[in-house]
2 protein chains.
Amino acid sequence: MAERDRAYHHGDLRSSLVEVAAAMISEGGTASVTMRAIGSRLGVSRGAPYRHFSDKTALLVAVAVEGFKRLNRRLGASDTGASPSSVEKLRRMGEQYVRFALEHPAHYRLMYGKEALARQDQPELREAAGALLENLVEVIRVHQQRGEIEGGDPRAHAYVAWSAVHGLASLLIEKQIDPNVDVDELIRQTTRTLLGGLRDRSPD
Amino acid sequence: MAERDRAYHHGDLRSSLVEVAAAMISEGGTASVTMRAIGSRLGVSRGAPYRHFSDKTALLVAVAVEGFKRLNRRLGASDTGASPSSVEKLRRMGEQYVRFALEHPAHYRLMYGKEALARQDQPELREAAGALLENLVEVIRVHQQRGEIEGGDPRAHAYVAWSAVHGLASLLIEKQIDPNVDVDELIRQTTRTLLGGLRDRSPD
DNA sequence: GGGGCATGTTGACCGCGTCAACATACAAGC
DNA sequence: GCTTGTATGTTGACGCGGTCAACATGCCCC
């Protein structure tokens with residue numbers, strides 16, 4: 001019961017701060033997030049957040065953690081309904097990953113930006129980002145057991161897959177990709193190429 | 001002769017600004033780059049840069065452009081000495097790409113960060129980043145003609161390849177990858193998987 | 001050698017993150 | 001119920017950083 005966040009003056013300000021900060025990031029980008037703006041949006045003064053976060057970065061880390069959790073949930077959800085006997089599941093995960101980034105560009109940027117990641121000491125962040133990787137590893141391991149993906153360290157495969165989808169997401173978000181290309185098709189092609197490479201490694 | 005940047009008061013301050021800013025980014029990260037610091041490092045006041053750049057972001061864009069040019073040069077150099085009749089060239093390009101990012105993390109971050117990319121209106125930046133893609137497309141086209149890479153839009157393949165190396169570079173830079181893994185091996189595995197996927201697309 | 005423009009300087013302003021001193025509200029024990 | 005302590009929120013102030021306007025200075029051209 002020691003953890004009751006309930007109402008002293010405001011009532012669970014900590015959660016509200018994270019929530020509002022996330023909303024502001026989505027609406028106006030990271031630059032629009034200032035301690036003063038967050039406070040005023042919650043009817044609270046600029047100093048109030050410092051009772052819950054040591055500094056602004058700590059708040060942003062919390063927002064990033066929240067982002068990783070949402071992303072993890074979403075990837076986990078791509079589980080359901082997938083035809084279970086093909087790499088389809090991995091393909092869907094990749095697709096959902098990129099889609100998440102496209103739908104929440106500023107939030108995604110924060111998750112992978114140095115602002116948040118400079119604080120990898122923060123165990124929560126390490127854990128949330130780590131969970132992403134672990135899920136990937138697990139899925140790959142399953143596919144390996146089914147012979148759908150070549151053997152070898154599943155973690156290495158996971159890194160490769162992660163790189164591919166993260167790279168695509170990043171390039172799309174940062175508008176490095178010609179807006180005329182069909183994004184859906186590009187996502188499909190990326191996952192296809194990736195899976196093709198994982199499936200069949202011809203010797204040198 | 002109209003473009004002589006030579007000495008009014010300082011002597012080609014514009015170039016010096018870009019140079020010093022790039023150096024400071026490498027040494028102390030983007031946060032360490034302030035107009036005042038840049039100025040004092042050049043023996044110039046804080047206001048001087050504004051005679052050459054409309055604002056700080058414009059300066060950073062110039063630094064980013066310089067980064068893309070360096071990266072392009074480096075990728076072009078991986079041309080020489082590669083055994084010309086295999087995808088080896090593409091593999092080397094990928095490797096050099098990631099290595100560049102690892103050697104200049106802050107600079108690389110800037111190149112792909114919103115700070116610079118928000119100014120895509122800036123034609124120089126579009127051009128420098130575009131050249132990267134064009135080079136990739138060209139190499140892929142050559143490999144396609146040799147039958148080493150599957151057909152289809154080479155631009156799409158280029159985006160996929162770019163995503164893979166950029167994603168890996170980004171994850172490495174942001175310390176998302178377990179420091180215990182062998183980076184060289186991971187780079188090799190990524191390019192191998194990528195090329196495998198590009199080479200051989202088995203039908204669904 | 002004087003006028004005009006490019007370049008550099010300085011003072012000032014504002015917004016920001018942050019801290020310390022202060023204020024207030026809630027909980028618990030008497 | 002009242003006191004007291006602590007968790008929470010407020011306010012004033014500081015320093016830093018980007019930026020602009022007013023001013024100063026050097027260079028080129030006529």
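This is a predicted model, so every value here is computed, not measured. To find a chain, count down the sequence lines: A is the first, B the second, and so on, and within it residues start at 1.
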| request: Please work out if A:Thr34 contacts a base, only the sugar-phosphate, or nothing of the nucleic acid, heavy-atom cut-off 4.0 Å. | output: sugar-phosphate
| Which whole-number value in Å describes the distance from A:Leu59 CG to C:dC16 P? | 15 Å
| query | Would one find a side-chain N or O of A:His52 under 4.0 angstrom from OP1 or OP2 of D:dA7? | reply | no
| message | So if I take every side-chain heavy atom of B:Lys56 and compare against C:dT18, D:dG18, D:dG9, which nucleotide ends up nearest? | response | D:dG18
| request: Please state how far atom CE in A:Met35 lies from atom P in D:dT11, giving the value in whole angstrom units. | output: 17 Å
| query | Are A:His107 and A:Phe68 an aromatic pair by the rule of ring centers under 6.0 Å? | reply | no
| field | Candidate nucleotides C:dG8, D:dG9, C:dT18, ranked by approach to the side chain of B:Leu13 - the nearest | value | C:dG8
| said: Output the rounded distance in Å from CZ (B:Arg36) to P (D:dG15). | reply: 14 Å
| field | A:Leu171 side, atom CG; A:Asp178 side, atom CG - distance, nearest 0.5 Å | value | 13.0 Å
| note | Among C:dT18, D:dG18, C:dA21, the one nearest any side-chain atom of A:Arg51 is C:dA21
| note | Ranking D:dG9, C:dG11, C:dG8 by distance to the side chain of B:Arg46, first place goes to C:dG11
| remark: Taken to the nearest whole Å, CD1/A:Ile38 to P/C:dG17 is 8 Å
| A:His104 side chain to A:Ser26 side chain, donor-acceptor N/O pair below 3.5 angstrom | no
| message | Measure CG/A:Asp12 against P/D:dG9 and give the value in whole Å, please. | response | 10 Å
| task | Mind calculating the distance between OH (A:Tyr50) and P (D:dG12) to the nearest angstrom? | result | 17 Å
| Below 4.0 angstrom, N of the basic side chain to O of the carboxylate: do A:Arg192 and A:Glu95 qualify? | no
| What nucleotide, of C:dG17, C:dT9, D:dG17, holds the atom closest to the side chain of B:Ala48? | C:dT9
